[in-house]
Protein chains: 2
Amino acid sequence: MKKIKRAIISVFDKTGILEFAKVLVNEFEVEILSTGGTGIILEKSGISYTKISDFTETPEMFNGRIKTLHPRIEGGILFRRGLKKDIDEAEKYNIKPIDMVVCNLYQFKEAIEKPGIELDDALEMIDIGGPTMIRAAAKNFPDVIVVPSPEYYNEIISEMRKNKGAITENTRLLLAQDVFSIMADYNAAIANFLQKFYNPSSIFPNTLIKVYEKVQNCRYGENWDQEAAYYKDTSSNYGLHQLKQLGGKEISFNNYLDIDSCMRILLDFGTQHNVTAILKHTNPNGVAIDKKDQLTAIKKAFSTDPLSVFGGIWGVNKELTKEVADFIVNKEKIFLEVLLAPSFEKEALEILKQKRNLIIIEFKEFLTKRNNIYKNLEIRGVLGGALFQEYDYKPVIKEWNVVSRRKINEAEKEALIFAYRVSKWAKSNSACFAQIYDDGIYTLGIGAGQLSRVHVVKIAAQKAIEFGHKEELKGSFMGTDSFFPFPDGLEVAVESGAKAIINPGGSIRDKEIIKRADELGCALIFCGKRVFRH
Amino acid sequence: MKKIKRAIISVFDKTGILEFAKVLVNEFEVEILSTGGTGIILEKSGISYTKISDFTETPEMFNGRIKTLHPRIEGGILFRRGLKKDIDEAEKYNIKPIDMVVCNLYQFKEAIEKPGIELDDALEMIDIGGPTMIRAAAKNFPDVIVVPSPEYYNEIISEMRKNKGAITENTRLLLAQDVFSIMADYNAAIANFLQKFYNPSSIFPNTLIKVYEKVQNCRYGENWDQEAAYYKDTSSNYGLHQLKQLGGKEISFNNYLDIDSCMRILLDFGTQHNVTAILKHTNPNGVAIDKKDQLTAIKKAFSTDPLSVFGGIWGVNKELTKEVADFIVNKEKIFLEVLLAPSFEKEALEILKQKRNLIIIEFKEFLTKRNNIYKNLEIRGVLGGALFQEYDYKPVIKEWNVVSRRKINEAEKEALIFAYRVSKWAKSNSACFAQIYDDGIYTLGIGAGQLSRVHVVKIAAQKAIEFGHKEELKGSFMGTDSFFPFPDGLEVAVESGAKAIINPGGSIRDKEIIKRADELGCALIFCGKRVFRH
């Protein structure tokens with residue numbers, strides 16, 4: 001490890017640079033080279049430095065486009081200190097070693113977030129000299145320290161203090177690696193910007209670059225023998241990483257999958273009424289809305305399938321009340337894995353925290369950020385690649401076509417939309433029977449993950465009957481996530497008690513399906529939007 | 001548009017460079033600047049050029065680490081041709097305009113694929129000068145043309161011929177955008193290499209960068225109102241992009257999801273016996289293996305649920321025979337969406353092509369590439385981020401614990417592993433009843449996507465009965481993807497006819513479960529590996 005003797009400082013983000021430079025100069029007698037903008041700040045504080053233009057004997061040119069791009073700078077960074085040939089050349093051509101490069105880049109990402117940014121202004125924010133210096137220093141990390149962000153200043157100083165003005169190889173490597181990550185992200189942002197600027201209608205560029213930052217290692221993945229980790233997408237300001245854990249054990253891989261599904265359901269139902277969604281294995285197990293009361297919604301959703309809620313995940317869309325906490329923990333003693341709410345009444349939290357393993361998550365304003373969350377693309381990994389698509393965020397009803405003779409009123413319409421919405425979030429093929437009660441609507445039976453339409457309708461009805469909803473099935477509302485290929489699914493639904501059914505329509509047998517609905521006296525709505533979820 | 005007068009050529013990949021340079025010089029009288037290695041080639045062919053070191057009046061240094069990093073080069077690329085101040089400065093400091101940058105980079109990715117590469121050699125392959133020049137040219141694309149790959153040479157020449165030696169703004173932009181994509185990918189590869197080199201045990205770096213290249217726009221996404229596209233992961237040599245479509249309509253988003261699931265099942269079963277997997281909505285609908293005959297496997301898998309195969313996807317692991325094609329198309333007239341095989345008998349293909357919409361896919365050696373395919377990470381998108389994990393590629397049997405009093409023989413063991421393997425690929429919770437026949441094993445009933453263990457066992461048994469397998473259920477083999485939380489699921493399986501059951505074990509009630517198995521005279525195996533799939 002060698003003592004740092006000469007450092008170049010050229011930073012766009014000036015945070016903390018003064019304090020850092022002071023320590024370099026005063027404690028370690030480092031010679032500072034600096035460019036115009038950074039130099040002015042140093043000068044004001046009486047920190048002595050050498051101007052780059054004096055060092056290179058070449059002026060800054062073209063409004064700063066050319067400052068450091070010079071053999072004396074790049075060579076001083078790049079030559080190999082352990083190679084006689086390099087040392088001789090450096091001496092011969094008067095190339096002095098530069099041991100440290102402190103440099104962060106023009107903030108391209110921040111610049112292009114300004115609405116209506118002009119192309120010229122964006123191009124001006126593409127840094128050329130900075131990337132060259134930090135990449136050169138990172139390449140030569142066995143001899144040179146690169147400091148690409150203010151977040152490292154404290155660490156660097158404390159290490160220099162420990163090591164008599166030197167930096168360990170391990171730190172040099174970590175910094176070098178970070179430089180290449182930063183550069184990948186930086187260049188990806190520029191490529192994506194140019195793509196969108198010139199071709200705003202195409203959301204699928206030829207090259208799509210995703211940069212992920214690790215949030216957490218998971219104890220294991222989907223199964224016990226898979227290693228896993230959870231990452232944030234650096235291009236998304238909104239996402240699960242904003243959720244705040246208030247209690248309970250570490251969030252697992254499968255918990256994240258469930259939390260994701262739960263948040264999507266809550267985003268879909270919005271904040272108008274009290275909504276409760278209970279999930280298992282990313283599928284809804286019971287859902288209810290209540291226009292007056294949260295506890296009633298909880299009870300109703302719970303009643304759909306009180307067997308499968310075991311180990312499930314529960315979400316509500318409004319502050320979780322003491323009564324609800326009491327119902328779950330004390331009254332019904334329900335074992336659940338995760339509980340999500342925008343906020344918790346103080347006493348509710350106290351009750352819930354008695355369950356030490358229960359993962360309690362507060363998501364605050366998340367439900368109001370729907371547009372921000374869904375403006376990115378959804379990714380589905382496949383072997384050796386990925387499918388990208390727009391999120392399925394559009395209204396579940398594209399058009400309201402009552403195709404049967406039997407008509408329906410407003411309350412019935414609301415119940416049908418509810419049933420269809422739930423079927424959207426159950427894995428395909430899915431079906432959901434729902435019923436209206438005093439101040440709300442709830443699920444009687446949900447079928448998921450089936451390979452034929454008729455099977456899933458049967459399963460949804462069976463489950464409703466198994467858990468005591470046989471009477472309520474009479475005159476119920478059924479939604480299913482795609483069209484009936486044959487009339488059998490519709491027949492099962494009506495036999496089970498449905499008086500109105502919603503699906504997208506679009507089967508080559510639609511006419512036959514409508515005829516059958518009319519024969520059976522059932523209302524039938526084609527809503528024009530399929531809601532598959534695989 | 002301005003005529004190109006001066007170009008710098010500095011390429012690592014010399015493909016086509018001679019022909020390209022000849023045209024520039026002979027047809028368009030472009031002045032060529034060139035570095036050492038590239039220059040030698042030009043010289044040999046009698047193409048006149050100016051040495052960079054003469055142009056900059058500075059020698060190449062440090063084994064080529066410093067060649068082009070000079071204000072006369074970078075300034076000549078970067079100054080704004082439309083700005084008086086820049087033009088004046090360029091004249092004052094003797095900076096001559098460089099209108100075109102032809103440059104491709106040291107092949108870092110290729111270099112690190114060599115087994116046992118030394119760190120020094122890898123670092124040497126990190127290009128610094130090249131990226132600086134092409135990024136500078138890309139930033140200044142309103143005035144400069146950047147040519148970052150030989151694939152563009154023909155296009156550039158034909159455009160110059162059309163436009164009297166000039167290049168349109170649109171092309172300049174496309175090239176510029178490609179530069180930033182290339183640089184993102186290049187830097188990502190370096191960051192990932194350094195991470196792995198120094199920390200080979202950690203497969204989850206702090207920053208994870210994925211670069212995707214578009215293979216195809218999809219007509220729509222998972223649903224009709226979602227836009228979508230399919231991409232290849234540039235870090236994966238093996239994947240679905242290798243599959244070759246021999247016939248049928250365009251592959252849809254949901255087709256890709258199904259193809260992906262089908263290939264994973266086939267990869268899991270391997271190539272020892274004849275295997276057929278039929279899928280719907282990414283779930284297995286029927287699976288069979290036959291030690292002698294492909295057609296028998298097809299018939300058996302078809303028999304599991306001949307209703308839901310409607311619109312399904314079929315895969316086989318060996319060359320698809322004429323008999324199978326005849327069975328599907330002529331005999332049973334089955335409507336299927338996709339058919340996958342490593343290869344097709346000539347007559348089989350002729351029969352299949354009669355179905356003009358049928359997507360026929362040949363996947364050749366794919367099944368032998370298991371290790372290559374699974375060495376990457378699996379990605380699961382969540383809101384604002386992603387979960388990464390190792391693929392679930394390990395053997396489905398971690399240990400073979402017969403925990404019941406009833407023991408089993410080798411043939412029974414094989415049937416249990418078969419059932420467990422199928423349950424792995426059905427969405428959680430899943431269950432599969434299987435039975436042995438003459439020369440093989442096949443599925444009697446598969447349950448998928450359920451929210452409780454007992455429900456999925458019921459559904460699997462119901463489906464078996466519905467499609468005529470009631471007799472075969474007696475003495476059948478059942479696999480289910482996780483442990484029994486209560487004895488009820490096991491009871492239903494035995495009542496339905498299962499004589500042996502496999503699951504991972506791991507429930508707090510395992511003892512109770514084992515006791516119940518013994519009471520019911522059922523064999524019970526705990527295999528130590530859970531096979532959830534959400």
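By convention in this document, chain letters (A, B, ...) are assigned in the order of the sequence lines, proteins followed by strands, and residues within each chain are numbered from 1. Just so it is clear, the structure is predicted and the values come from calculations on it, not from any experiment.
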Measuring heavy-atom distances to chain A, does [X] have an atom under 4.5 Å in its side chain, in its backbone, in both, or in neither?
| X | answer |
| --- | --- |
| B/Ile259 | neither |
| B/Asn283 | both |
| B/Lys458 | side chain |
| B/Ala189 | neither |
| B/Thr58 | side chain |
| B/Leu173 | side chain |
| B/Asn254 | side chain |
| B/Phe141 | side chain |
| B/Phe193 | neither |
| B/Pro205 | both |
| B/Gln462 | side chain |
| B/Glu466 | side chain |

Counting only heavy atoms closer than 4.5 Å, note whether [X] contacts chain B via side chain, backbone, both or neither.
| X | result |
| --- | --- |
| A/Asn429 | both |
| A/Val179 | neither |
| A/Ile66 | side chain |
| A/Leu240 | both |
| A/Leu279 | neither |
| A/Leu119 | side chain |
| A/Phe310 | side chain |
| A/Ala426 | neither |
| A/Lys67 | neither |
| A/Lys427 | side chain |
| A/Phe204 | both |
| A/Ile95 | side chain |
| A/Lys210 | both |

Heavy atoms of other groups near B/Lys214 NZ, more than 12 under 6.0 Å | yes

Considering only heavy atoms and a distance below 4.5 Å, find which of B/Gln242, B/Lys398, B/Lys280 pairs most often with chain A.
->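 The option with the most such pairs is B/Lys280.
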
Which of the residues B/Met61, B/Glu124, B/Glu227, B/Gln195 is involved in the greatest number of heavy-atom pairs with chain A at under 4.5 angstrom?
-> B/Glu227

Ion pair A/Arg80/A/Glu89, N-O distance below 4.0 Å = no

Salt-bridged, B/Arg453 to B/Asp481, with N to O below 4.0 Å?
-> yes

Quick one: are A/Val215 and A/Tyr231 in side-chain contact, heavy atoms under 4.5 Å?
->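 Counting from C-beta outward, A/Val215 and A/Tyr231 never come under 4.5 Å.
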
For B/Tyr212, all residues meeting ring-ring contact (aromatic ring centres under 6.0 Å, His included), sequence neighbours excluded =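 ring-ring contact (aromatic ring centres under 6.0 Å, His included) check on B/Tyr212 returns A/Phe388.
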
Is it the case that B/Arg530 and B/Ser428 place a side-chain donor and acceptor less than 3.5 Å from each other?
-> no

Decide whether B/Gln226 and B/Asn223 meet the rule of one side-chain donor and one side-chain acceptor closer than 3.5 Å.
->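 Their side chains do contain a donor-acceptor pair, which is all the 3.5 Å distance test asks for.
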
Got a sec, which pairs hit salt bridge (charged side-chain N to carboxylate O under 4.0 Å, His left out) with one end in residues 383-392 of chain B, sequence neighbours left out?
-> B/Glu390-B/Lys394, B/Asp392-B/Lys424, B/Asp392-B/Lys529

